[in-house]
Amino acid sequence: MEVEIPVVIVGAGPGGLATSACLNKHSISNIILEKDDCHASLWRKRAYDRLKLHLGKDFCNLPHMSFSSDFPTFVPRVDFLRYLDDYVTHMKICIRYNRYVNDASFDATHGKWRVCVHDTTLNLDEIYVADYLVVATGENCDPYIPMINGLESFEGEYLHCSKYLNGRPWYDKNVLVVGSGNSGMEIAYDVSTWGANTSMVIRSPVHYLTKEMVYIGMSLLKYISIEKIDKLMVFMSKMVYGDMSKYGLVRPKDGPFAMKKKGGRTPTIDVGCVKQIKKGKVKVYPAISSIKKGKIIEFADGKSGQFDVIVFATGYRSSVQKWLKDYKELFNENGMPKARFPDHWKGENGIYCAGFSQNGLQGIHFDALKIANDISFTVNAMKHHDADANAGIKLLDE
């Protein structure tokens, strides 16, 4: 079965949905291919219960549709999913679910993208032929667990945070959360509130701010330089938290927003974990050096402990290089764009990417508008060219 359509979008996460909506606004036919049986599967199937958007809703809406006024400033996961469901309906987005993309390549002879897909429901192969290909599988595709010496022989339970819902099963158990990003800090806090003996691994210096601080900072970025905003953020953090170095939390030398702009690393938004660390309810360790027989874990500072559960909040990896044959036109070996924001979203021969800016939902908003506007400009330019050519042919005929 072969389907021809102007634009194929791979991935029905927020990036794919936003791009499709923007293309629909330009009346450009498109279709989203999604390997799962639902859209926004990361949010729907692989997110923990207490998750909320860490940024205020003013910075998280997708193009052409704001959040409802009755939503709280920091939108819970279930409400965000409700918003996305309404977005799909309202923006008339066309999604084909259970479509696993085996490979995609550019046919230079015909100037088209050929996307080979397997329909896992009907067990059929399909080919989609398109003028433009949008990669919207995003940064957070495949769960990543680092290689740790001895992990394969660990006699306790270990899992990636994508499988974590809540800490209810681990009351009074020794739980180690690996990772100091937003997910790691929030899961460590959640586990501790469920009565587990909680510890976490924090390997690197980290900025920790409240949601309100980040909201203020992002609001002021329109008017004040990043340098001044960073000084304000660090000052506020010190006022609220004090010196946390004795607990294992060290602030980086660069400011939080400067780090985000330079390397895509976001500050950690604290939802209560720092207070738990101060109270001694969450212990902090440096990097894991090895896992010994049984459940013993040794750390880089020479200390060790026995743990029943390890939760790896160690992020995700892009899967682009697994299926996109011509990925090097736009992506590096890690499946991330070669160019940094704001020049990351477009490659050659009609390939684009949405959701790879390392700027969250705000970056997705930017990507979708840029991609749709660019495709619309190209399509309209071709129409005018064809119209001019046809007019020339008519004059010759006359």
To check you understand the geometry: which heavy-atom pair defines the closest contact between [X] and [Y], and what is its length?
{"X": "A40", "Y": "L84", "result": "CB-CD1, 3.5 Å"}
{"X": "K52", "Y": "P76", "result": "CG-CA, 3.7 Å"}
{"X": "I269", "Y": "V214", "result": "CG1-CG2, 3.9 Å"}
{"X": "K35", "Y": "C141", "result": "NZ-SG, 4.2 Å"}
{"X": "S180", "Y": "M185", "result": "O-CG, 3.6 Å"}
{"X": "H54", "Y": "Y48", "result": "CE1-OH, 4.2 Å"}

Are the side chains of [Y] and [X] in contact, using a 4.5 Å heavy-atom criterion?
{"X": "L209", "Y": "P256", "answer": "yes"}
{"X": "S237", "Y": "Y208", "answer": "yes"}
{"X": "N61", "Y": "Y83", "answer": "yes"}
{"X": "W113", "Y": "D326", "answer": "yes"}

Within 6.0 Å of [atom1] in [X], more than 12 heavy atoms from elsewhere:
{"X": "E2", "atom1": "CD", "result": "yes"}
{"X": "Y144", "atom1": "OH", "result": "yes"}
{"X": "K328", "atom1": "NZ", "result": "no"}
{"X": "K278", "atom1": "NZ", "result": "yes"}
{"X": "K238", "atom1": "NZ", "result": "no"}
{"X": "E212", "atom1": "CD", "result": "yes"}
{"X": "M1", "atom1": "CE", "result": "yes"}

Whether the [X] and [Y] side chains hold a donor-acceptor pair (N or O, under 3.5 Å, no angle test) is what I'd like checked.
{"X": "Y128", "Y": "R96", "answer": "yes"}
{"X": "Y352", "Y": "D367", "answer": "no"}
{"X": "N30", "Y": "N24", "answer": "yes"}
{"X": "N373", "Y": "H26", "answer": "yes"}

Approximate separation, where rounding is to 0.5 Å, of D374 CG and C22 SG: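 Those atoms lie 13.0 Å apart.
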Would you give the length of the straight line joining atom CG of L330 to atom CG of L324, rounded to the nearest 0.5 angstrom?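 Reported value, rounded in 0.5 Å steps: 8.0 Å.
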Please say yes or no: joined through hydrophobic side-chain contacts below 4.5 Å, possibly via intermediate residues, are V10 and L17 part of one cluster?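 No, V10 and L17 fall in different hydrophobic clusters.
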Quick check: does any side chain N or O of S192 sit under 3.5 Å from a backbone N or O of Y189, one acting as donor and the other as acceptor?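 Side chain of S192 to backbone of Y189, a donor-acceptor pair under 3.5 Å: yes, one is there.
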Between F307, Y164, W194, which is the residue that forms a ring pair (Phe, Tyr, Trp, His ring centres under 6.0 Å) with W170?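 Only one option passes, and that is Y164.
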Using ring pair (Phe, Tyr, Trp, His ring centres under 6.0 Å) as the criterion, point out the one residue from Y327, F331, Y316 that pairs with F356.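 Only one of Y327, F331, Y316 forms a ring pair (Phe, Tyr, Trp, His ring centres under 6.0 Å) with F356, namely F331.
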Salt bridge between D79 and R82, side-chain N to carboxylate O under 4.0 Å?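 Counted as a salt bridge, because a side-chain N and a carboxylate O are separated by less than 4.0 Å.
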Salt bridge (charged side-chain N to carboxylate O under 4.0 Å, His left out) between D37 and K45: does it pass, once the steps are laid out? CA-CA 11 Å; D37 60 358; K45 294 183 176 183; 2.7 Å; yes
Please test D36 against R44 for salt bridge (charged side-chain N to carboxylate O under 4.0 Å, His left out), starting from the C-alpha separation and ending with a verdict. CA-CA 11 Å; D36 219 318; R44 202 177 301 274; over 6 Å; no
Relative to the ring of F80, is the ring of F67 parallel (under 30°), tilted (30 to 60°) or perpendicular (over 60°)?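 Because their plane-to-plane angle lies in the 30° to 60° range, the rings of F67 and F80 count as tilted.
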Using side chain to side chain contact (heavy atoms under 4.5 Å, CB included), reason through W345 and F366 one step at a time and then give a plain yes or no. CA-CA 9 Å; W345 55 276; F366 172 92; 4.1 Å; yes
Step by step, work out the side chain to side chain donor-acceptor pair (under 3.5 Å) result for H118 and N98. CA-CA 8 Å; H118 185 70; N98 302 303; over 6 Å; no
